2 protein chains.
Amino acid sequence: MKATILNIGDELLIGQVVNTNASSMSQMLIGAGIDVCGTFVIGDNASDILFYLQHCLDRSDVVLITGGLGPTKDDITKNTLCQFFGSELYENEEALANIRRIFESRGYELTPINRQQSWVPRCCTMINNILGTAPCMWFEWNHKVVVSMPGVPFEMVNLMETEVVPRLKKHFRTDQIINKNILVQGIGESFLSDLIEQWELALPSSIRLAYLPQAGMVKLRLTARGGHDDRALLEQQIHDAVASLYPIAGQYIVGEDAETLPELVASTFKQQHITLATAESCTGGQLAQQLTAMAGASEYYRGGVVSYCNEVKECALGVNHQTLETYDAVSEQTVTEMVLGVRSRLNADYAVATTGVAGPGGGTPERPVGTVWIGIAGPNGQVVTRLLHFGDRRQQTIDRTCFAVWSELLKMVKGN
Amino acid sequence: MKATILNIGDELLIGQVVNTNASSMSQMLIGAGIDVCGTFVIGDNASDILFYLQHCLDRSDVVLITGGLGPTKDDITKNTLCQFFGSELYENEEALANIRRIFESRGYELTPINRQQSWVPRCCTMINNILGTAPCMWFEWNHKVVVSMPGVPFEMVNLMETEVVPRLKKHFRTDQIINKNILVQGIGESFLSDLIEQWELALPSSIRLAYLPQAGMVKLRLTARGGHDDRALLEQQIHDAVASLYPIAGQYIVGEDAETLPELVASTFKQQHITLATAESCTGGQLAQQLTAMAGASEYYRGGVVSYCNEVKECALGVNHQTLETYDAVSEQTVTEMVLGVRSRLNADYAVATTGVAGPGGGTPERPVGTVWIGIAGPNGQVVTRLLHFGDRRQQTIDRTCFAVWSELLKMVKGN
């Protein structure tokens, strides 16, 4: 089972919009047991659409198309699909009702141009797009499937999750795939690989292991793959494999299932009913942003201070003026007072703090760009600090500092 | 002049990594007067690389390749290029010196595998990659150009900016392209289009106008295009076009050149030597993060408070307990006290505040998910508040709230 992805749109081609659709579609396809053999971005151009649709059909069983379904005249995907399949457009009642519902809910009048969005090729199965006005279209052609979806990411994702992927699984009776992530910290990839070698060799042939190293941790991904009816068996195999890993490498395992460290922080804090506060200088709010981007943050996150200038470190966190004068804003003493200050003022169980020189300016010989202090404070009043050295790339320094903070925080929580 | 982009890498194909390279490469090519006719993502697979390289060469004058240049055995781009061009690898001294320098600076020993990264095909021009160990390779073939670059985004971007794009411009004597952005607020796209119709009709034929509507504003992009030696003329034409727009639509113009609203906020505050503080509830640090992601934020950004729970609104911002009890945390009264509190406590000229229900939980009949209050406070003590209603998509609500805040802030600064 192979798929190709065809993302249509001038805005993608000229780089005005980053093509996040390709990666989210790939992930969903692979999660459903369908391999992706290529993703192509082309403009709103009929001859290119015809050429690459044929090209994709020659190379794969499934072609997923996004884009070019809007109401304006530069959106030509629907007419081009008609041309390709030798079909014609008709007004689909269910699609029209959906469009009417959306326009009414927004208080807009339905114009003839918007109404045209309910026209779909006669040869397709219309799949209702409840989040938008462009319908999804499912074509079957020489035992292959072509699906055309709107390019708006959240509409596409919803259609993929609720309609397209389930239909593809059923249509092709695809393999069952189960993924399981295990997050490991405090051991390098090669040492980990040596440590768990015998365990890996003993895995059943249905399970594949992948190392996905990231700054500060290694994600182990177990993928079990089997026939359409083997789900229960695969689940048991994954369960057994994970259980047998703990006696060997349990001390390095910081979590399961989470994709990212902030996710793991969130699930850990929620499970343990503990709370967190942040004090950020060089990360400038990114720690807070990473937590609050996830629903349910209010269950454990009390809040934070972005103390970008020294005065705010003093007034909002209670850092001593003398500490800043004597030791500098980027120092172990300052980060310690920041983390203790925010923990006590915001009345949280745990707190984290960052102060550093993200650059490109602000470096000195003693404290070059990329110098960062982080601090973690826990419920018993304990504080852990770490000095980090990164390079002169601002966003990388911010990202890696966040990573180090989550990593140290999880260590402390695990140890308590 | 046409280009195609070929991004090679299993991690892109399976969606583990979002392909940001394609969009940044497209933007740089288009900025250099080179059209992009397609971008293709394929895996680390020799037959696919050979097939699509030929395919791209058949369709364009320039093929830019990224990825597959690492030291491990799944990186096969270099050997495959040798096969395609009928060449062989040799150890390039300049590339080796660069790799040695990088290893020494990191305190690592150079292994034979790393040393192999200095091997490049004899038929290419090696372009030194000062930020990484994989060299860039420039091939000329039947009057066309193929460039192979590492897939690491910051290495690729640096190579494109400093080497590849300048060489392409020179090699093909490409057209001169000048882009100019004008940010417009407070008028819808269709009304704006009516207002400036005569001005648009009077533009010289070398200048094209594009409307790029975004939530809350319209970006007008003027693109002047002319011969390789016409730069001065084009600059004058752009200058005149912009100058003649002000008498017609000046009241709606909030800025020039900036790509995003946070960029415009940053440049405005720096120019006017004024300062800013943030108090965030539902945006959870994203306002702070957007400002501090840009270098030089410390020139105007004092800091902020992420008051995710009510207690923090009281203790860190001075919101009255009674206000929260009587009016609710999501209310005009609360946002007003938040914005005044953070402005005075952090001693800033201007301040912004947000409080709302980002969802998906936390909604009530009176205050459904997506309800947001924003507040802006200025140096004369004035406060502007706005009630916004978004849907139940958390990240969209956060993003749009940030947009509305920057927009209202710029209006107030402009009015003062």
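Nothing here was measured: the structure is a model prediction, and the numbers come from that model.
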Trainee: What residue, out of B:S307, B:G304, B:S298, has the most heavy-atom pairs lying under 4.5 Å from chain A?
Mentor: B:G304
Trainee: Less than 4.5 Å to any heavy atom of chain A: does that hold for the side chain of B:A295, its backbone, both, or neither?
Mentor: both
Trainee: Answer with side chain, backbone, both or neither: which region of B:A297 has an atom nearer than 4.5 Å to a non-hydrogen atom of chain A?
Mentor: both
Trainee: With a 4.5 angstrom heavy-atom cut-off, could you sort out which part of B:R345 is near chain A: side chain, backbone, both or neither?
Mentor: backbone
Trainee: Tell me, out of B:G43, B:G361, B:A293, B:G296, who's got the most heavy-atom pairs with chain A below 4.5 Å.
Mentor: B:A293
Trainee: Report which part of B:M25 has an atom under 4.5 Å of a heavy atom belonging to chain A: side chain, backbone, both, or neither.
Mentor: neither
Trainee: Side chains of B:Q395 and A:F154: does their closest heavy-atom pair fall under 4.5 Å?
Mentor: no
Trainee: What heavy-atom pair brings B:G285 and A:A288 nearest, and what distance separates the two atoms?
Mentor: CA-CB, 4.3 Å
Trainee: Quick check for you: to the nearest 0.5 Å, what is the distance between A:D48 atom CG and B:C37 atom SG?
Mentor: 7.0 Å
Trainee: Parallel, tilted or perpendicular: which describes the rings of A:H55 and B:H55, with under 30° parallel and over 60° perpendicular?
Mentor: parallel
Trainee: If you round to the nearest 0.5 Å, how far is CD1 of A:I14 from CG of B:D35?
Mentor: 10.0 Å
Trainee: Against chain A, label B:N347 side chain, backbone, both or neither, depending on which of its atoms sit under 4.5 Å from a heavy atom there.
Mentor: side chain
Trainee: Go through A:Q286, A:Q396, A:E280 and name the one with the most non-hydrogen pairs under 4.5 angstrom from chain B.
Mentor: A:Q286
Trainee: Side chain, backbone, both or neither: which part of B:H389 has an atom under 4.5 Å from a heavy atom of chain A?
Mentor: neither
Trainee: Are there residues of residues 310-319 of chain B whose heavy atoms fall under 4.5 Å of chain A's heavy atoms? If so, which?
Mentor: B:E311, B:V312, B:C315
Trainee: Which atoms of B:I30 come close to chain A, meaning under 4.5 Å heavy atom to heavy atom: side chain ones, backbone ones, both, or neither?
Mentor: side chain
Trainee: Between B:D10, B:T39, B:V305, B:N19, which has the largest tally of heavy atom pairs under 4.5 Å with chain A?
Mentor: B:T39
Trainee: Determine whether A:Y301 and B:V306 make a side-chain contact, defined as any pair of heavy atoms from C-beta on separated by less than 4.5 Å.
Mentor: yes
Trainee: With a 4.5 angstrom heavy-atom cut-off, is it the side chain or the backbone of B:F51 that approaches chain A, or both, or neither?
Mentor: side chain
Trainee: Identify which part of B:T283 has an atom lying under 4.5 Å from any heavy atom of chain A, answering side chain, backbone, both or neither.
Mentor: backbone
Trainee: If we only count heavy atoms from C-beta on, is the A:R393 to B:L131 side-chain gap below 4.5 Å?
Mentor: no
Trainee: So which part of B:L13 gets closer than 4.5 Å to some heavy atom of chain A, the side chain, the backbone, both or neither?
Mentor: both
Trainee: Is it the backbone or the side chain of B:Q290 that comes under 4.5 Å from a heavy atom of chain A, or both, or neither?
Mentor: neither
